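Convention: sequence-line order gives letters A, B, ...; per-chain numbering from 1. Since this is a predicted model, take the numbers as computed values, not measurements.
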Amino acid sequence: MSEEIRVGVYVCHCGSNIAGIIDVKSVAEEASKYPNVVVSREYKYMCSDPGQALIQEDIKQHNLNRIVVASCSPLLHEHTFRNATEKGGVNPFLFQMVNLREHDSWVHEDKEKATKKAIALVRAAVRRVALHSALERKEVPINPDVLIVGGGIAGIHAALTLANAGKLVYLVEKEPTIGGHMAKFDKTFPTLDCAACILTPKMTQVRAHPNIRLWSYSEVAGVDGFVGNFRVKVKRKPRYVDEEACIGCLACIEACIYKEGKFPDEFNMGLSKRKPIYFPFPQAVPQLAVIDPETCIEFKTGKCKKTCVAACDRNAIDFTQKETIEEISVGTIILATGFKAFDASRMPEYGYGTLSNVYTALEIERLVNSSGPTAGEVVLKNGQHPKSVGIIHCVGSRDEKTNKWCSRVCCMYSLKLAHLLREHTGAEIYNFYIDMRAPGKGYEEFYDRLLQEDGTHFIRGRVAEVTDWAMTEEEEGRLVIRVEDTLAGFVRRIPCDMVVLSVGLEPTPDAQDVRRMFNISCSTEGFFLERHPKLAPVNTFTDGIFLAGTCQGPKDIPDTVAQAGAAAAEALALIDRGSIELEPNTAYVVEDKCSGCHTCIALCPYNAISYDEEKKVAQINEALCKGCGTCVAACPSSAIVQRLFEDAEILEEIEGVLL
Amino acid sequence: MSDFEPKIVAFFCNWCTYTAADLAGTSRMKYAPNIRVIRVMCSGRVDPQFVLEAFAKGADGVLIGGCHPGDCHYQRGNYKARRRILMLQRVLEEFGIEKERLRLEWISASEGDKVRKVANDMTEQIARLGPLRRGDEHG
Amino acid sequence: MSMAEKLKLAMYWAASCGGCEISIVDLNEKILDVIKVADFVFWPVAMDFKYSDVEAMPDKFIDVCLFNGAIRSSENEHIAHLLRRKSKILIAYGACAYNGGIPGLANITNRQGMFDTVYKTISTNQNTLPKISARVPEGELELPQLYDTVKSLAQVVDVDYYVPGCPPAPKIVEASIDAIASGKLPPKGSVIGPSKALCEECPREKTDKKITAMKRTFEGMPDTKKCLLEQGYLCMGPATREGCGTPCINANMPCTGCSGPADDVTDQGAKMMSALTSVLALEGEENVSEENVLKMIQEFPDPMGVFYKYTMPTSTLKRRVMK
Amino acid sequence: MKKYLYYPGCSLKGTGKAYEESLIPVFKTLDAELHEIDDWNCCGATAYMSVDELKAFALAARNLAIAEKEGGSDLVAPCAACYLVLSKAQQYMREYPSERHEVSEALKGVGLTYSDTIKVRHPLDVLINDIGLKEISSKVKKSLKGLKIAPYYGCQIVRPYATFDDQYNPTTMDDLIKACGAEVVYYPLKTRCCGGSLTGTIPEVGVRLAYILLREARKRGADMLVTACPLCQFNLDGYQDQMKRRYEEMSMPILYFTQILGLAFGIPAKELGFRRSIISANSALDMRGIVHV
């Protein structure tokens, strides 16, 4: 490079975040002594407007042609400062960022050592940036179609938002119907409005919307491509009922040779029975019957009278249906795959599955629901009405042995169920809690209201066990809840007729597979990881893939809907920009160094490298290259160069940090 | 322990380990200031020449951090890194450099605490090994 | 042309095997052209000279000195300095002068280590060790000191050009001679000959490299058409400078890397290591367990001898750290 | 034939003799040999553990070291207390270098070393996981059909280490009882305290705890209680006269699970230490028509 290198170095205080530990003044002073450095300053907040302006003025005044900013993580602000550099009239890639905050001041306590490290890091950047060369920004167009995975309230809300904005949405749901967990709820806290009343209208909108392709009973089978241009394979499971022909008249179900339901009904948490051909629930969307081949006689024996076929005047029933794979192209993806309720039998001390009349909260939601298995009548296994009910909070939450996290919704839905159960049965209700958590609009007020309701009691303490071991007459034939009442300060045995376990929220069992398929990360507990907990809560580390609802972590309906809206907005922002900028960190082959040894060709996961039979050299298709640099490291004659990560640049960095 | 401060050059992949190091920062975890991170897009970018250069230029240890097997953002880059590093460790031992001075760790984006653990653990280990004597015997 | 105008050539061997000398003889009839344009004013192997003759020459008296062999003793170093002073152009000739060569592998130990192996671990010798001075009737006799570390020529004196190869291939030698005779020399410090890797001139057919297992050269008979590396024979070709005309390959033997790295590669061994391990067991790599990868690498024979056969002294780490 | 090292501990040679007397033939029937390690000493339980942990661990470690020296990897410790202390000693030596150091120093003193190669196993673990229910059922000659048994595990084999069974609802013994053809009584108190050493120190508490266990078992129709711990067996069997004085007569036989297995394998009761019980099991067995002479 013949031009004279003129570097400007800017050390950020980030208030006291950096300056509190690192002596920014001496860092800037040291930097000023390095070759090529023309100006070296420290400033309170480099990311602020005046901070960026500072860079631009210096570029003009000292005609700088290289910029180094030592502040926070490039993953956070590299973009900001590249733009500032460009505004100042210097190519944005003649810039290098130093991570003094996340990698130094925030993780070290010894000021002297932290400062020494900072100086080393800055030195490395100064040496490196001198070798940077101007690069073109790389843009790719965004396909405007969107894929949404999961048809719970999050997926539904995001789908409608995007569809209303005129975008084509593919909504893929694994179950035969959309609606998710919310469809199973009776009422919603704290307003107690009925879940179905507010959800089903949205479900029907989805069904009716011209911009939404609803694929229920389907799963994503494969994803490749990248932001703006994802190619997705969707597996459509056979429901053995022709979607076009079926009008959901239920005649087939009537006609099934099983006169009564015989198999556990998924929607009612197994508290009622369904037939092999069934309708998930009355307001299901799409309004289509589905046949369960596990239980259908025709599938098991091939000798069924097929009364259902006879009953369908539209010949919708088709036992020959096969699984199909649809391929679609989309530009953005929203994951709304939801949660799994904690399996209460993992805590045998609470007797779920061994003691009758121990229920999970979801089962109670169905029991108190007027369209539920008992038409809303809450009865015990012996047909009687409970006189006392114990509700145990934090089952599978805030527990070292199961899940450490707070599931955020249990306190509130427990209050809701306490109210509903009291309303339906008049029973005495005992809430067993560790802490009551009611942080939300109208939540604390709702808690207050429950505290006022007579017959509803609150006992602070983690329940030790639920047992049918009676010590007194009163306890005979009932469930006994043993708990240390931490307010009264002694152990109590409280006899109840019914016990409700407020189970927590967990990642879905297939979360890890989904994560791999979409190439995103999970946080330690297994929920999908957002790009930034505060500043990018619905983004992932993979551009173009967004998160909505409980797949990112436990949350209630208002938060879920809000997040779904946010995810839709992020997707829209990308789509309407029309194109997205990619890092120009692709690799290329220097032809007069390549000996055509073929080492690199098989290494590329994107098949971006090919062999030019004419020139007898390798060639990289930069449209396909994602910039990992694997081939660069492998090339035995250093004939491949990766932009932004050239060998020489990295070697300079190595020498630089070794102060 | 003497006042020897090991110098450790770390190559962290952009997607998992570098992000994890950021997480360690935002979570204010405290660890030894001896690790100096150089960001690469993928652990598969790490050229054995970088590692040797680091040792030759004064590093007492070299740490490479990548995504867990199966999680590579570029699908398979970390497998190449794994084979290269294992071979390099063998060669280093023949050069009289303890293989503990070169370390490969799988650290996912959410494992901020693992960054802390590994940084401290490696610093302590290198401190025990003492400064790396360069191979420049004379006479 | 008259004597006076003839080039004054010198050729010296330091720590080397003599193969480089032979490479001159290897020129066959071409040697006559050399003699037309040049006189050898110093060539211990071929004619009788004494160091004193060289010391007697005025500085820069020699036009071109072909210096072969590595620097591993005080004598080697002394003569290197002497010939540098007496020569206009000093050429590091052959693998040893250029990169340390085979003698350079001694850097895996040190003088004591070598003496122990050579003099102590054998039954035929009762700890007689080489001495650097001996008393003889004529008086005190001084002998050269063997060094701990083998060096390349350029590591002790300023070198003008490099001629790669063990020994340098005739066509490279010719190219060098012509360049010298015609005065059309490349920029100082360059390696004479083409700069890409050996695969460039390798006649064998290459496909995508996916090596399932390594073979030693004595295992089986390699297909003479296909790339040796792809057949599992460790061929250093991809990381080695071209120009030799692939004599080993033509003899169905893999390249051992004598010409050193191609331009822009600082560490031939590291690069070959990287290339090889990248493609080794590439197929289905995602299903191989950590243990199996380790096993595969552990079973790899003699990595140092393979990757650094000719370049240990000029490699990034130069020598072994002795405990 | 499977070989196991065997650490009896004091109980199986004393108050819990019936346990050993039934354990060995049962294992023999199942083609598993118990090799008693030589010159073993106190496991370090009870007093030691509360007075000086380190000494307790040293004692435990000595047994482990001897086992290691004798070769073999699995050390069977039938007594729940021994099982717990040996496991605990191992864990502490693994987790705390200082403990490990001091203990190995102590061992050096008697010319021993321990390099952590021994697996401490409980007979329940071995029977279920090594030998397997299939094999065990195949050896049953006399089904105990009709016999109603409450399985009682006590605290020490599941707390804190639930290595081979569930901490709250252990079932290994249940499975063995079923394998014998007997009926398992649903018994929610299966891991509740038997009174432990309190029966001796604060009887009004200790005996009450024991009494609660038996009362509940009887209420649920159990003919007898079966346990895997000598101390539990001793408390529940030996203090029934006190229960009688303080509360009511229980006369509930308390047997070792190995005695039940032995019976089902067709081994005569007198060779299984039945005679050692204070509360005889005879009437209960007669009532269910089970031959036991």
**Request:** Examine whether an atom of A/S521 lies under 4.5 Å from a heavy atom of chain B, and if so say whether it belongs to the side chain, the backbone or both; otherwise answer neither.
**Result:** side chain
**Prompt:** What part of B/K80 lies closer than 4.5 angstrom to a heavy atom of chain A: side chain, backbone, both or neither?
**Reply:** side chain
**Complete:** Given A/E109, A/H532, A/R101, A/E583, the one with more heavy-atom pairs under 4.5 angstrom with chain B than any other is A/E109
**Message:** Looking only at heavy atoms and a cut-off of under 4.5 Å, which of B/K57, B/R84, B/Q75, B/R28 has the most pairs with chain A?
**Reply:** B/R28
**Segment of A/C72 engaging chain B (4.5 angstrom heavy-atom cut-off)** = neither
**Request:** Tell me, out of A/K113, A/E653, A/K117, A/K116, who's got the most heavy-atom pairs with chain B below 4.5 Å.
**Result:** A/K117
**Prompt:** Checking B/S27 side chain against B/M29 main chain: does a donor-acceptor pair fall under 3.5 Å?
**Reply:** no
**Request:** Output yes when a side-chain donor or acceptor of A/T586 lies under 3.5 Å from a complementary backbone atom of A/G627, and no otherwise.
**Result:** no
**Message:** A/D647 vs B/R45, test: salt bridge (Lys or Arg N to Asp or Glu O under 4.0 Å). Steps then yes/no.
**Reply:** CA-CA 10 Å; A/D647 283 2; B/R45 174 65 181 96; 2.6 Å; yes
**Message:** On a heavy-atom basis, which atom in A/T115 and which in A/S26 lie closest, and how many Å separate them?
**Reply:** CG2-OG, 3.6 Å
**Request:** Indicate yes or no for a side-chain donor-acceptor contact from A/D104 to the backbone of A/A118 under 3.5 Å, with no hydrogens or angles considered.
**Result:** yes
**Request:** Mind listing the closest non-hydrogen atom pair of A/M97 and A/P74 along with its distance?
**Result:** SD-CA, 3.6 Å
**Request:** Look only at the side chain of A/K626 and the backbone of B/H73, and say whether a donor-acceptor pair between them is shorter than 3.5 Å.
**Result:** no
**Prompt:** Which of the residues B/M41, B/Q49, B/R76, B/E53 is involved in the greatest number of heavy-atom pairs with chain A at under 4.5 angstrom?
**Reply:** B/M41
**Item:** Test: B/D71 and A/R516 ion pair at under 4.0 Å
**Value:** yes
**Item:** Part of B/V9 lying under 4.5 Å from any heavy atom of chain A
**Value:** side chain
**Request:** Examine whether an atom of A/A634 lies under 4.5 Å from a heavy atom of chain B, and if so say whether it belongs to the side chain, the backbone or both; otherwise answer neither.
**Result:** both
**Request:** Pick one of side chain, backbone, both or neither for B/C13, based on which atoms fall under 4.5 Å of a heavy atom in chain A.
**Result:** neither
**Request:** Output the residues of residues 96-117 of chain B for which the shortest heavy-atom distance to chain A is under 4.5 Å, in residue-number order; output 'none' if no such residue exists.
**Result:** B/A109, B/S110
**Request:** Tell me, for B/S43 versus chain A, whether the close heavy atoms (under 4.5 Å) come from the side chain, the backbone, both or neither.
**Result:** neither
**Request:** Kindly determine whether A/R128 and A/E652 satisfy salt bridge (Lys or Arg N to Asp or Glu O under 4.0 Å), including the steps that lead there.
**Result:** CA-CA 5 Å; A/R128 184 193 211 278; A/E652 278 299 321; over 6 Å; no
**Item:** B/N34 versus chain A, the contacting section by heavy-atom distance below 4.5 Å
**Value:** neither
**Asked** How far does CD1 of A/I520 sit from CD of A/E530, to the nearest 0.5 angstrom?
**Response** 10.5 Å
**Asked** Checking heavy atoms, do the side chain of A/L603, its backbone, both or neither come under 4.5 Å from chain B?
**Response** both
**Message:** Given 3.5 Å as the limit, does a donor-acceptor pair link the side chain of A/S637 with the main chain of A/A639, or not?
**Reply:** no
**Request:** Side chain from CB out, backbone as N, CA, C, O: work out which of these in A/L529 comes under 4.5 Å of a heavy atom of chain B, or both, or neither.
**Result:** side chain
**Asked** Looking at B/N78 and B/G70, what are the two nearest heavy atoms and their distance?
**Response** ND2-N, 4.2 Å
**Request:** Output yes when a side-chain donor or acceptor of B/E124 lies under 3.5 Å from a complementary backbone atom of B/D121, and no otherwise.
**Result:** no
**Request:** Let me know if B/F11 has heavy atoms under 4.5 Å from chain A in its side chain, its backbone, both or neither.
**Result:** side chain
**Asked** Is it the side chain or the backbone of A/R515 that comes within 4.5 Å of chain B heavy atoms, both, or neither?
**Response** side chain
**Message:** For B/A119, which atoms come within 4.5 Å of any heavy atom of chain A: side chain, backbone, both, or neither?
**Reply:** neither
**Complete:** If you tally heavy-atom pairs under 4.5 Å between each of A/N17, A/L76, A/N99 and chain B, the highest tally belongs to A/N99
**Message:** Looking at every heavy atom in both A/I640 and A/C631, which two are closest together, and how far apart are they?
**Reply:** CD1-O, 3.7 Å
**Item:** Derivation of the salt bridge (Lys or Arg N to Asp or Glu O under 4.0 Å) call for A/R82 and A/E581
**Value:** CA-CA 13 Å; A/R82 276 182 180 170; A/E581 192 180 308; 5.5 Å; no
